[in-house]
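Just so it is clear: chains get the letters A, B, ... in the order the sequence lines come, proteins before strands, and each one is counted from 1. All heavy atoms count here, side chains included; hydrogens, waters and symmetry mates do not.
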2 protein chains.
Amino acid sequence: MDAGTEGSEPQGGVSSVGRVTLQQLAQELGLSTATVSLALRDSPVVADATRHKVLEAARSRGYVANRGAASLRTARTNIVGIGLHDIINPSFTELLAALEDSLSAAGKTVLLGVSQEDVARQTRTLGTLAEYRPDAFIVSPAAGTTVNDLRALAASGIAVVQVTRQVEGSGFDFAGSDDVAGVALGVAHLVELGHRRIGMIGSFPAASTGRSRLAGYKAGLAAAGLPFDPALIAEGPGLRETGRAGVLQLLDLPQPPTAAVCFNDLNAFGALMGLQSAGLTAGRDFSLVGYDDVSEAALWHPPLTTVFTRIPEYGVIAAGLALKRIADPTRPVERVMLTPRLVVRDTTAPPPTGRR
Amino acid sequence: MDAGTEGSEPQGGVSSVGRVTLQQLAQELGLSTATVSLALRDSPVVADATRHKVLEAARSRGYVANRGAASLRTARTNIVGIGLHDIINPSFTELLAALEDSLSAAGKTVLLGVSQEDVARQTRTLGTLAEYRPDAFIVSPAAGTTVNDLRALAASGIAVVQVTRQVEGSGFDFAGSDDVAGVALGVAHLVELGHRRIGMIGSFPAASTGRSRLAGYKAGLAAAGLPFDPALIAEGPGLRETGRAGVLQLLDLPQPPTAAVCFNDLNAFGALMGLQSAGLTAGRDFSLVGYDDVSEAALWHPPLTTVFTRIPEYGVIAAGLALKRIADPTRPVERVMLTPRLVVRDTTAPPPTGRR
DNA sequence: GGCGGCATCCTAAACGATTTAGAGCAGGCG
DNA sequence: CGCCTGCTCTAAATCGTTTAGGATGCCGCC
């Protein structure tokens with residue numbers, strides 16, 4: 001490590017003097033812990049004068065409640081565990097931001113676990129989170145997760161809501177978008193522009209989103225009376241690299257497509273790069289539809305036509321579902337699927353004439 | 001909400017039967033809680049046969065430890081609170097990912113708080129996190145944070161390490177990169193290519209990074225014997241929009257620069273878009289140096305010349321500092337500044353001839 | 001004057017783990 | 001036979017809160 005390291009005086013603690021507890025406060029005030037506890041939480045049964053004394057003492061002594069101790073007694077932690085498989089992917093970052101924002105607004109704190117798309121790591125991570133007894137879990141399951149992998153979660157009695165992806169038959173609440181309709185929307189747009197050979201870039205059958213989006217692709221073709229040709233699918237996960245290689249692979253076909261929909265925006269960004277490296281211009285030589293509409297999509301050159309899956313919206317909804325289930329664990333399972341919206345920008349246009 | 005909502009049977013809990021505790025395990029096994037506790041943590045004082053019985057029972061009954069209760073006794077939570085001001089910005093996402101990864105590898109769990117670049121919200125958030133008694137805080141302070149704002153943290157007796165940004169005089173550990181050297185590196189690169197009028201896009205004096213990077217810009221100019229001209233600075237936070245507007249603003253100058261360094265990569269991405277909208281090509285008509293080298297940078301078109309600040313590396317280091325301070329709260333303060341590295345790609349070239 | 005009713009505060013028992021001091025017990029040894 | 005040593009295990013205190021169920025004192029009222 002070529003680091004510039006500089007040592008100096010130890011951390012100056014103003015008063016590392018044994019953290020002040022509610023009991024100490026009580027003793028100093030000549031009150032019982034019960035009274036102090038009630039006063040701190042604005043109970044109406046404690047006299048105004050007393051409450052003020054307590055609050056003042058708490059402030060001046062720098063009292064900060066020990067939520068762990070309180071939780072032990074109340075069996076409520078105000079923690080929500082969030083299990084994601086990936087936080088680098090911008091769509092999940094946007095999701096995390098939305099979740100954190102609404103949860104913290106509701107007084108919950110976020111305990112984060114990342115599974116890196118690895119089921120074993122996911123069970124380990126969720127197991128660890130569970131030891132903190134979150135009031136709820138919000139999970140986007142790693143690819144390949146089965147109902148069995150989630151059984152422990154179900155047995156824990158903790159509220160669970162799935163977001164974005166779902167494990168079929170898990171019986172948990174869900175918030176996400178209607179991927180079948182979403183991709184079909186993209187295909188329909190291309191069809192309307194005159195495209196007849198339309199590929200799909202990115203295919204990820206290990207996740208529910210992968211299956212649904214593929215189904216949406218097929219549905220879109222079928223609705224237009226177009227045949228499904230497996231050769232037009234460039235497989236791979238939702239990464240830029242998949243898109244770059246995928247579009248080149250499609251262009252190399254004996255009968256290349258004139259357009260493609262993508263599994264997600266990252267695929268599309270990669271495909272845009274691939275087109276550029278092949279000397280082609282997206283929108284003119286080849287049409288491309290992304291998926292998700294992450295905030296970058298509008299800013300690419302050319303701006304990406306894509307399908308807005310309303311991630312921030314369903315993030316808020318997922319947080320709401322968690323809160324509702326915490327409040328009433330016996331309420332019926334709720335599955336919310338938002339209808340995506342097509343966002344037409346500049347990467348789609350009628351197919352190049354003369355090549356039709 | 002145009003949501004497709006579907007209700008059905010309530011969540012099926014395999015056994016919502018009152019969560020099994022260590023005491024219950026002990027009772028069922030005819031052992032004391034002490035023995036069970038020791039067995040679960042692989043203490044050598046408990047006989048092998050007993051340990052096996054305990055572990056087997058724990059497994060079959062689905063026992064999951066209550067870390068809150070344990071923490072109450074041990075005064076250690078294995079939680080690390082992470083306070084960031086922003087998680088959408090890809091550089092902070094990459095930082096968060098690195099932090100989470102090394103902390104979870106060390107058996108710590110991440111409690112997340114986001115301040116949205118708002119000091120008041122930051123104190124509220126950190127206060128809430130503190131109630132969970134994390135073993136340490138890792139914080140990238142919101143812009144405008146003063147030593148005073150962090151005093152409560154210092155007084156809490158919780159280990160604190162700052163990452164990326166630091167509040168001068170706070171006396172906390174720090175891990176980040178040497179921004180003065182980093183930006184100077186970018187300037188030197190442009191000078192070497194022959195540029196004489198070099199602007200800076202993005203300037204953010206409310207954060208230590210903003211001040212250091214500006215200082216680096218000035219240092220770079222001074223080293224080359226070039227004058228500092230305030231008109232060549234396009235102010236604004238590290239967002240794409242700042243970059244887009246900033247580059248146009250610079251180009252509109254009576255004596256426009258032929259190149260610019262940026263506060264961060266987002267600024268550079270925006271500037272690339274701005275150039276494109278002005279019909280200019282980065283690298284040919286105008287040279288641009290980003291800052292951070294987020295993973296996107298290599299993938300833009302053209303690929304961005306930028307300064308790699310080694311975010312994932314100092315993320316790991318920050319996590320390590322936190323662990324070390326947890327282990328020894330009295331160790332001397334350590335400040336680590338990694339030396340950034342220039343990454344030359346395609347957005348920099350000699351200034352256009354004839355316009356020099 | 002006794003008593004009910006308030007308002008206010010307190011006692012004490014949880015919550016679920018960890019940990020220390022020491023209890024049983026078996027075997028070995030003088 | 002008595003004592004010491006090791007190996008296991010247990011009893012009980014403890015961490016910092018919350019909360020049910022009193023206790024206390026004061027007032028007014030019949």
Side-chain angles (χ1 to χ4, degrees), chain A residues 17-55 57-58 61-79 128 130-135 156-158, chain B residues 17-55 57-58 61-79 128 130-135 156-158:
Chain A
V17 280
R19 172 122 0 23
V20 39
T21 72
L22 186 146
Q23 319 203 33
Q24 292 172 25
L25 272 189
Q27 192 170 3
E28 291 169 20
L29 288 165
L31 290 171
S32 74
T33 62
T35 305
V36 175
S37 171
L38 292 171
L40 286 173
R41 281 168 304 130
D42 277 335
S43 160
V45 311
V46 26
D48 275 358
T50 318
R51 183 199 345 279
H52 286 134
K53 266 193 310 189
V54 170
L55 291 178
R61 298 277 284 114
Y63 170 74
V64 21
N66 185 324
R67 195 86 75 126
S71 297
L72 189 53
R73 183 62 226 261
T74 61
R76 174 136 302 180
T77 55
N78 281 332
I79 287 178
T128 304
E131 296 188 354
Y132 293 99
R133 299 287 189 274
D135 295 337
S156 72
I158 298 175
Chain B
V17 282
R19 167 79 72 342
V20 39
T21 72
L22 186 147
Q23 320 205 29
Q24 292 172 25
L25 271 189
Q27 192 172 3
E28 291 169 22
L29 288 165
L31 290 171
S32 73
T33 62
T35 305
V36 175
S37 171
L38 292 170
L40 286 174
R41 279 167 307 125
D42 277 335
S43 160
V45 309
V46 25
D48 275 358
T50 319
R51 184 200 343 280
H52 286 134
K53 265 194 311 190
V54 170
L55 291 177
R61 297 277 284 115
Y63 171 74
V64 22
N66 185 324
R67 196 86 75 129
S71 298
L72 190 54
R73 183 64 226 264
T74 60
R76 173 134 304 177
T77 55
N78 281 332
I79 287 178
T128 304
E131 297 188 353
Y132 293 99
R133 298 286 189 275
D135 295 336
S156 73
I158 297 175

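Distance B:Gln23 CD to D:dT14 C1': 13 Å, rounded to the nearest Å. D:dT8 atom C1' lies 15 Å from atom CG of B:Leu29, rounded to whole Å. Separating the CZ atom of A:Arg19 from the C1' atom of D:dT17 is a distance of 15 Å, rounded to the nearest angstrom. Spacing between atom CD of A:Gln24 and atom P of D:dC15 amounts to 10 Å, rounded to whole angstrom units. Whole-Å rounding puts the B:Leu38 CG to D:dT8 C1' distance at 11 Å.
The side chain of A:Thr21 contributes no N or O atom lying less than 4.0 Å from OP1 or OP2 of D:dG16.
Residue-level contact check: A:Ala34 touches the bases, meaning some heavy atom is under 4.0 Å from a base atom.
Non-hydrogen atoms lying under 4.0 Å from DNA chain C are contributed by A:Leu72, A:Arg73, all within residues 65-76 of chain A.
Of all the heavy atoms in B:Arg51 and B:Ala39, the pair that sits closest is CG-O, 3.8 Å. Considering all non-hydrogen atoms of both residues, B:Ala65 and A:Arg133 come closest at O-NH1, 3.2 Å. Across all non-hydrogen atoms, the minimal contact from B:Arg19 to B:Gln24 is O-NE2, 3.7 Å. Summarising the geometry of B:Thr21 relative to B:Tyr63, their closest heavy-atom pair is C-CE1, 3.7 Å, with the distance given to 0.1 Å.
Annotation: of the two residues near DNA chain C, B:Thr35 and A:Val46, the 5′-most nearest-nucleotide partner is A:Val46.
Contact check for A:Arg67 versus B:Thr128: side-chain heavy atoms found under the 4.5 Å cut-off. For the pair A:Leu72/B:Asn66, a side-chain contact is recorded, criterion being any heavy-atom separation below 4.5 Å from C-beta on.
Taking every nucleotide of DNA chain C with any atom under 4.0 Å from a non-hydrogen atom of chain B, the first and last of them, 5' to 3', are C:dG16 to C:dT19.
Rounded to the nearest 0.5 Å, atoms CD1 (A:Ile158) and CD1 (A:Ile79) are 10.5 Å apart. In this structure, CD in B:Gln23 is found 6.0 Å from OG1 in B:Thr33, a value given to the nearest 0.5 Å.
By the salt bridge (charged side-chain N to carboxylate O under 4.0 Å, His left out) test, A:Asp42 is found to be paired with no residue, residues two or more places apart in sequence or in another chain being considered.
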